[in-house]
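For reference, the structure discussed in these notes is given below.
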Protein chains: 2
Amino acid sequence: MPRAGLSTQAVVQAAVEVIDEHGVAALTLAAVAARCGVAAPSLYKHVGGLAELKTQVGIRVLNELADRFAAAAMGRSGADAITALMHAYRAYVVAHPARYAAMPVDPLHHPELAAAGIRQLEVIQAALRPWRLDPAGQVHTIRKLRVIAHGFASLESAGGFGLPEDLDETYRQLIATLLDSLPAHP
Amino acid sequence: MPRAGLSTQAVVQAAVEVIDEHGVAALTLAAVAARCGVAAPSLYKHVGGLAELKTQVGIRVLNELADRFAAAAMGRSGADAITALMHAYRAYVVAHPARYAAMPVDPLHHPELAAAGIRQLEVIQAALRPWRLDPAGQVHTIRKLRVIAHGFASLESAGGFGLPEDLDETYRQLIATLLDSLPAHP
DNA sequence: TCCGTTGGCTAATGTGCGTAGCTTACACGC
DNA sequence: GCGTGTAAGCTACGCACATTAGCCAACGGA
């Protein structure tokens, strides 16, 4: 009985691969165990169960997106930075459509996910700084950016757009319109 | 052995009630059967199985929303009509948050759902008529409306907004910004 | 009243989650 | 090199759910 040498992160990695290949609905402990070359109950040595595994996957995905955010915002500011963030969001979802469906929509309500969610938030807040928005204005602006990014991404990743052509143009228009609606900044 | 007097529509109705009360993840044949006062296998006399039941629920929800659309657009035109449609969308989702999660995002790709999806589309196309958009402009505009409505609704119904106050204002701003971005019409 | 159809049932199978309890590989101390 | 404790694997089991098979009774029309 040689050991497989698993770890929590290895199990999460296998779960992400299962999702990428077969969709989020195919994430079962049986599938993950098979991919790890292990019997299903053995996974309980590394994760608390299916629910916890899904939470871990959520954390992983949130952090991956936060990494992309940080990279996209680096060296940019103002409208340029916001545009780069919005395109980084979409690029991640296009690269990993199934994985996006595993990203929790309300991370701040879950203690384990909150840290990863706040990482994303901070990058956006920094990018908005040049506008010197009042707190309420900042809340509305972040919400509107999120509505557009999430709305577009969830529709695109779920195949919700009938005609695939010109999606870039639609997304560009959405971003441009939102930026135009912000007050001018120096 | 008295009969329960079920029908396909009665089973779908029970499924919608289960979703409303316990969330879309709780939609199981066992739960629907219990609500109907029937053993689970008996449901197969009325629906083909869980997958088909979910499709039927999707059709029901799509049509309910299309009904709201038709009612909201009646007697209005132009920006007034678009605004009414957007608020009808959100009002439906606020009234039935769990049900919204059962609404398929890509109805046009499924023959059984397409008719209900097209009903919605036609109401929006009619409301946009005063702008006399060229076909590409119409596609982009409908997509943008959908991104905003679906993005906002899915975040709101999933508890994705941290602060509940002022959500009306955020949504109003999104609609107003989009309408402002359209060319003026006579 | 008779009989075919139809809507209900029980029984059984397969899959998946999760628990209990056993065994053994491996790292560490001597 | 040799115990030995821990932890990583295992099998066996119970439960929930979807689905199929096959039985039986209720209902409605001739």
Side-chain angles (χ1 to χ4, degrees), chain A residues 1-61 98-99 101-104 110 112-113, chain B residues 1-61 98-99 101-104 110 112-113:
Chain A
M1 196 204 304
R3 298 202 172 179
L6 285 184
S7 67
T8 299
Q9 283 313 304
V11 173
V12 172
Q13 176 61 34
V16 169
E17 290 168 10
V18 168
I19 289 172
D20 282 346
E21 286 175 24
H22 303 105
V24 75
L27 177 59
T28 69
L29 290 182
V32 174
R35 172 171 287 267
C36 293
V38 131
S42 305
L43 296 178
Y44 285 82
K45 300 289 178 174
H46 305 285
V47 292
L50 184 61
E52 193 202 287
L53 179 56
K54 285 177 178 170
T55 301
Q56 293 296 323
V57 169
I59 294 172
R60 167 84 64 106
V61 174
R99 214 179 285 189
M103 192 173 101
H110 191 301
E112 292 222 63
L113 302 168
Chain B
M1 196 202 305
R3 297 202 173 178
L6 285 184
S7 64
T8 299
Q9 283 312 304
V11 173
V12 172
Q13 177 62 32
V16 169
E17 290 168 11
V18 168
I19 289 172
D20 282 346
E21 287 175 24
H22 303 104
V24 75
L27 176 59
T28 68
L29 290 182
V32 173
R35 173 170 285 268
C36 292
V38 129
S42 305
L43 296 178
Y44 285 82
K45 300 288 177 168
H46 304 286
V47 293
L50 184 60
E52 193 203 287
L53 178 57
K54 286 177 176 168
T55 301
Q56 294 296 322
V57 168
I59 294 172
R60 167 83 64 108
V61 174
R99 212 179 289 188
M103 192 173 101
H110 191 302
E112 292 223 63
L113 302 168

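Numbers restart at 1 for each chain; the letters A, B, ... are given by sequence-line order, proteins then strands.
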Nearest whole angstrom, please: distance from the C1' of D:dC10 to the NE2 of A:His46. 13 Å
Any side-chain heavy-atom pair of A:Val47 and A:Thr8 under 4.5 Å: yes
Tabulated below should be each protein N or O lying under 3.5 Å from an N or O of nucleotides 16-21 of chain D; please produce it.
from: D:dA18; atom 1: OP1; to: B:Leu29; atom 2: N; distance (Å): 2.8
from: D:dA18; atom 1: OP2; to: B:Leu29; atom 2: N; distance (Å): 2.9
from: D:dA18; atom 1: OP2; to: B:Ala30; atom 2: N; distance (Å): 2.9
from: D:dT19; atom 1: OP2; to: B:Tyr44; atom 2: OH; distance (Å): 2.8
from: D:dT19; atom 1: OP2; to: B:Leu50; atom 2: N; distance (Å): 2.8
from: D:dT19; atom 1: O5'; to: B:Tyr44; atom 2: OH; distance (Å): 2.9

Are there more than 12 heavy atoms of other residues, nucleotides or ligands under 6.0 Å from atom NE2 of A:His110? yes
Please find the pair of heavy atoms, one from B:Leu53 and one from B:Val32, that lie closest to each other, and give the distance. CD2-CG2, 4.2 Å
Nearest 0.5 Å please: distance from the NZ atom of B:Lys54 over to the CG atom of B:Leu27. 6.0 Å
Can you pull out how bent the helix from C:dT1-D:dA30 to C:dC30-D:dG1 is, comparing the axes over its first five and last five pairs, to 10°? 10°
Expressed as a whole number of angstroms, how long is the span from A:Arg3:CZ to C:dC26:C1'? 6 Å
Once you round to the nearest 0.5 Å, how far does CG of A:Leu43 lie from CD of A:Glu52? 11.5 Å
Spacing of A:Leu43 atom CG relative to D:dT11 atom P, expressed in whole Å: 13 Å
Using only side-chain N and O atoms of A:Ser42, determine if any of them is under 4.0 Å from OP1 or OP2 of D:dA8. no
Would you give the length of the straight line joining atom NE2 of A:His46 to atom CG of A:Leu6, rounded to the nearest 0.5 angstrom? 4.5 Å
Scan for salt bridge (charged side-chain N to carboxylate O under 4.0 Å, His left out) pairs involving residues 10-21 of chain A, sequence neighbours excluded, and state none if there are none. A:Glu17-A:Arg35, A:Asp20-A:Arg99, A:Glu21-A:Arg35
Would you give the length of the straight line joining atom CD of B:Glu112 to atom CD of B:Gln56, rounded to the nearest 0.5 angstrom? 5.5 Å
In this structure, how many angstroms lie between the P atom of D:dC10 and the NZ atom of A:Lys45, rounded? 11 Å
